[in-house]
K.L.:
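I have a structure I would like to understand better, so I am pasting it below and will then ask my questions one at a time.
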Amino acid sequence: MGTSLGLLGELEALHDAEIEGVADFDGLDGALQESCAHLLATKGKKLRSSIVLETAKLGRDADRDAVRRAALACELFHIGTLSHDDVVDDGQVRRGEPTVVAEHGPIMAGLTAGWLFGRSLELVAECGDAAIEPFVNAACEVCEGEMQDLEDFFDVERSVERYIDTIDKKTASLLRLPAVAGAVLAGGDDRTVAALRSYGHDLGLAFQISDDILDLSAPESETGKKQGIDLQQGVYTLPVILAMEQRPELRATLSGELRDEAIAPAVDAIRSTGALEESTEICRHHIAAAKQALEGVAFDDETGRDRLLAIADYTIERVFRVAERAA
Amino acid sequence: MTDPHEMVDEAEVVVVGGGPAGASCAATLAQLGHDVLIVDQDEFPREKPCGDGLPPASVDHLREVGLGDLVDSHWPIEGDRMTYEYRHTRRRRYSDFMPPPATARCIRRSELDRRLLEHARSTGARFVRGRVTGLVPGADGVFDGVALGTGDDRSWIRARHIVAADGATSRLRRECGFGKPRAVDAYAVRGYMSVENELDPLFEGYTPIVHEGSPIPGYGWVFPLDEHTANVGIGYYRGGSLPAVPRLSALLESFVEELRSRARRKFGDIEMQGKLIGSPVAIGFADETCERGNVVFAGDAARTTDPYTGEGIGNALQSGRDVARALHARSRDGASPPLPNGILIARRFPRLVQDPSSIVRIGSRMRDDVEDLTNTGPGGLPPGFRRALLTTDVEPELRETPAWRVLDRADPAAADALAALLPRWMDAFRTTFPFTSEMLQRELQARSGPAVAALALLVARAPDGALPARAPEAALAAQCMELSRPFLMNVTDEAEGTLAKLNNAISLLIVDFAVSRGWRMSAKLGHRSTREMGATGRRVSEGLLLEFEDLYGVERTPERCVAAARATLGEVYALSAWLGAETARIDHPTRDALRRYGSDLGVAFQVASDARDFFAGEPLTGKKPGLDLLSGIYPLPVAHALGANRRLRRTLTRGVRAADLPRIVELVAEAGGLDRAREVCRAHVDSAREALEGVSLPEVEPLLELAELPPLELAALDGPRQAAYAGDAA
């Protein structure tokens, strides 16, 4: 299991070497350059661009330059949405670092996102027609998912179906996109593209669910954000919804304003229902489905498959690691 | 003191109007220890034209202020139900989206208002009966108090702060010079009825209202007071090109007739009780602030009624409380921060703060897309529903705009296509974000109309007079880009707190929506257009940064203003020209010339509309001349004057108050600011025309005509500028 972590470090190095030249931040106004660089440099897994790079190993003849551009486009678009998210949720810290909003204010965060969105569309269009449609669809889905999220704030009746539908649009869309983009640029046939789409989809759902589990199970030192912050902001995620279904009286506790000192007891109450374990099971199911989707897909370069599988493993391993430590 | 008549009373805060907004404001202030006097012309109880419906949040409010007995003596309303064309229904329970017990109530306004006023008095607010006829001017744009009565009966009340809660037809609003904001008005009329069968505990809506066979935008309601009695009424929009309607009461009577015949099974016999009363609904829109000098507006006088549903009491209660808390904070901190322009969305719709999801809830049910322009069905909803709920019909206004007319003269078919497409596209916005309706309408009329879209179409047909198949997508893609800008400009760094955060969140969501829909359009045009769209988005962000960097910058030069205009609106017009050229496969040298033309045209439009707003204000919203100075936005005329006049530099550095604006506008005019704007505008128009010289396109004439629109926006500025401020000086 430890091997997947090593792979991820490798991915990140590869990623930086591959796409550095394409970023094109030169000539950008000082303030924008600073906040874009700030976002890109944040310690992250560069997951989306890595998926494009690895998926493109399906075919030997993929246009490397186009693949790099698509990879960067996915990453830039994603960090643009993070910058927006931080304005919407008033996020001050992300992965242990102050956000653009915290450092430069909402206007700058909005402009930075605008720039990143524009640049990402430009990059994707530079790869030809193939990746445009999946990209634009993902952008529309993300927007719809954001609206649904806002609609559901403090909705203690939020259902599992609604939650899945929202994260499907908001998170999974941005993991389907790189898998599909890579497959399309590598010349994959319809069946292959569908398989990769399915990989991205299940990985995306699992990714969000694992994030939502970690919000309730991992200490602040691990996630870089305050435990239970979603709960306080009225964002009810899978473990919370499952816990409320099992113990309806939790709804009264959670609805309305949750004071800082009330968070820990609320988190304990949720844990005591077994909702974290149940969520982990659902997460594991999606990881299995993601890996299964790759069966029967022929890669010209098999390291692509290995790394995509490793990414899937990593997603659930972080949940297990935290659980083990807690036990 | 300017008024010779007797001062009859004095208070720290005088609240004009004792309805829900006034009473809730007065009670909150009195509880916070302030000396408050409510003035109302009526003896309570009194009748009000209203649906009497109180949403769950308002019911909570009543309980909080100790009126639980009033709530409990009324029938719990569990949700609402909308019936479309007497066939389809859509029902929603409050407990489906709020924690139980979420119930609403229907309480007669005569009773509700009496109790709210009693409550305010019990907290220490005083009440006098009197007819407020105006404001008593004092020094520095601050008012000394309010005037009562007329002629020999005239007297006045001294106050440090004045809260104008005087309703939809607010006299103080007019006194403060807020104009009539828009062409389309809303009206409502109600009566009471008793019915034979037992009513459901739901707020019932019926849409559309049909009068003499044609649907009228709006809806009819049946709001039950108890099992067999209901408030029945209609709210509808009129004006613009909306269908003419007869007397309000006749319209309500015909609605009741419809209920008698088409919903007979549901209601049984219906008998009307008492008389019908009606009034305008306060859905107007003034985007600057809810205050003028020491007058703060609340409730309908601040136009807090939801323009989409016409629901007003809950917002009025909330806005009264908000205003009271703001005044209290100011008196405590001794500071008087202006309410920033930017937080208009959240401030004007306080309900959003209580229930942020309400802004998108309606949208997500009705979400329609412009993904496929050939799809005419609005997402499975009956057509009458859509027609009836759209608050404004923009097509006629669109056809009045100069840009549309230029297109129409060149190509009536293209103009008709735009008149059909653009409103549909705006509908996608309005059904998703209902409250953007009025902003969109304002945008439509700014800058000579949809000039961006017109430009793409004119370029696309320039080679042979025929419109390429994808030209409408090109026009809408560019127009999307243009429409996202004003919402992005709504983001603010200046304010703290929930309102500001919510404002920013919503503004960015709208921007995302506009941007992603624009991308969808450009994606249909292929990768070259999509790339251009992306590059423009990136460059416009860089351009907007130039604007933000110059906020409050007394070093700003006219050249900086032009550079910013080129990097923003210039880019959008250049994009539009390019996309049009791409759909028509125009060669690259010609395309470059068209880009240059677009870029110059964009600069000319930006310079013209900035100067117009600065010197003449914006008639549509009642925005006063020079108002942007308060937010640190210094347009080209000001930048010019800053170079010529040291005094202006000192004034701006010290900080501008609203009362200074007329003087500064005059100062900028004297320094030649308007003349400079005219010169710069003209120079860019000429440069745009020059760019087209020598291009071999048969249909270039309409483009030259389009280029002449920006100077026309400045042509009307020759009249006396003081007129807009005449009301203040009186």
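Source: prediction; values computed, not measured. In what follows, chains carry the letters A, B, and so on, assigned in the order in which the sequence lines appear, proteins first and then strands, with residues in each chain numbered from 1.
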K.L.:
Is atom CZ of Arg197(A) surrounded by more than 12 heavy atoms (other residues, nucleotides or ligands) closer than 6.0 Å?
P.N.:
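Counting other residues, nucleotides and ligands, CZ of Arg197(A) stays at 12 neighbours or fewer.
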K.L.:
Against chain B, work out which of Ala139(A), Gly114(A), Ser120(A), Pro106(A) has the most heavy-atom pairs shorter than 4.5 Å and name it.
P.N.:
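Between Ala139(A), Gly114(A), Ser120(A), Pro106(A), the count favours Pro106(A).
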K.L.:
Within the side chain of Ser516(B), is there an N or O that forms a donor-acceptor pair under 3.5 Å with the backbone of Cys140(A)?
P.N.:
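Not at all, since once roles are kept as given, no pair shorter than 3.5 Å links the two residues.
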K.L.:
Examine whether an atom of Ile132(A) lies under 4.5 Å from a heavy atom of chain B, and if so say whether it belongs to the side chain, the backbone or both; otherwise answer neither.
P.N.:
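Side chain only.
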K.L.:
How many angstroms lie between CZ in Phe117(A) and CG in Asp512(B), if you round to the nearest 0.5 Å?
P.N.:
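Phe117(A) CZ to Asp512(B) CG: 5.0 Å, rounded to 0.5 Å.
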K.L.:
Can you tell which of His84(A), Arg158(A), Glu146(A), Glu133(A) has the highest number of heavy-atom pairs within less than 4.5 Å of chain B?
P.N.:
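Top count of heavy-atom pairs under 4.5 Å with chain B: His84(A).
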K.L.:
Which distance, rounded to the nearest 0.5 Å, do you find between the CG of Leu488(B) and the CG of Leu111(A)?
P.N.:
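Rounded to the nearest 0.5 Å, the CG-CG separation comes out at 5.5 Å.
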K.L.:
Which pair of heavy atoms, one from Arg531(B) and one from Ala125(A), lies closest together, and at what distance?
P.N.:
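Looks like N-CB, 3.3 Å.
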K.L.:
In Å, rounded to the nearest 0.5 Å, how long is the span from CD of Glu126(A) to OG1 of Thr530(B)?
P.N.:
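Answer for the CD-OG1 pair, Glu126(A) versus Thr530(B), is 11.5 Å.
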K.L.:
For the CG atom of Asp86(A) and the CG atom of Leu508(B), what is their distance to the nearest 0.5 Å?
P.N.:
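Answer rounded to 0.5 Å: 11.0 Å.
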K.L.:
Taking Gly537(B), Gly534(B), Ser522(B), Ser529(B) one by one, which has the highest count of heavy-atom pairs under 4.5 Å against chain A?
P.N.:
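Max contact count across the listed options: Gly534(B).
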K.L.:
Over 60° means perpendicular and under 30° means parallel, so classify the ring planes of Trp519(B) and Phe77(A), tilted if in between.
P.N.:
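The arrangement is tilted - the two ring planes meet at 30° to 60°.
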K.L.:
Counting distance only, does the side-chain N/O of Asp129(A) pair as donor-acceptor with the main-chain N or O of Gly526(B) below 3.5 Å?
P.N.:
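No, the answer is negative, given that no donor and acceptor are paired below the 3.5 Å cut-off.
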K.L.:
Within the structure provided, determine whether Val124(A) and His527(B) are in side-chain contact (heavy-atom separation under 4.5 Å).
P.N.:
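A side-chain contact under 4.5 Å is absent here.
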K.L.:
Side chain, backbone, both or neither: which part of Asp85(A) has an atom under 4.5 Å from a heavy atom of chain B?
P.N.:
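Neither part.
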K.L.:
Working to the nearest 0.5 angstrom, can you tell me the gap between Arg538(B) CZ and Leu123(A) CG?
P.N.:
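The CZ atom of Arg538(B) sits 9.0 Å away from the CG atom of Leu123(A).
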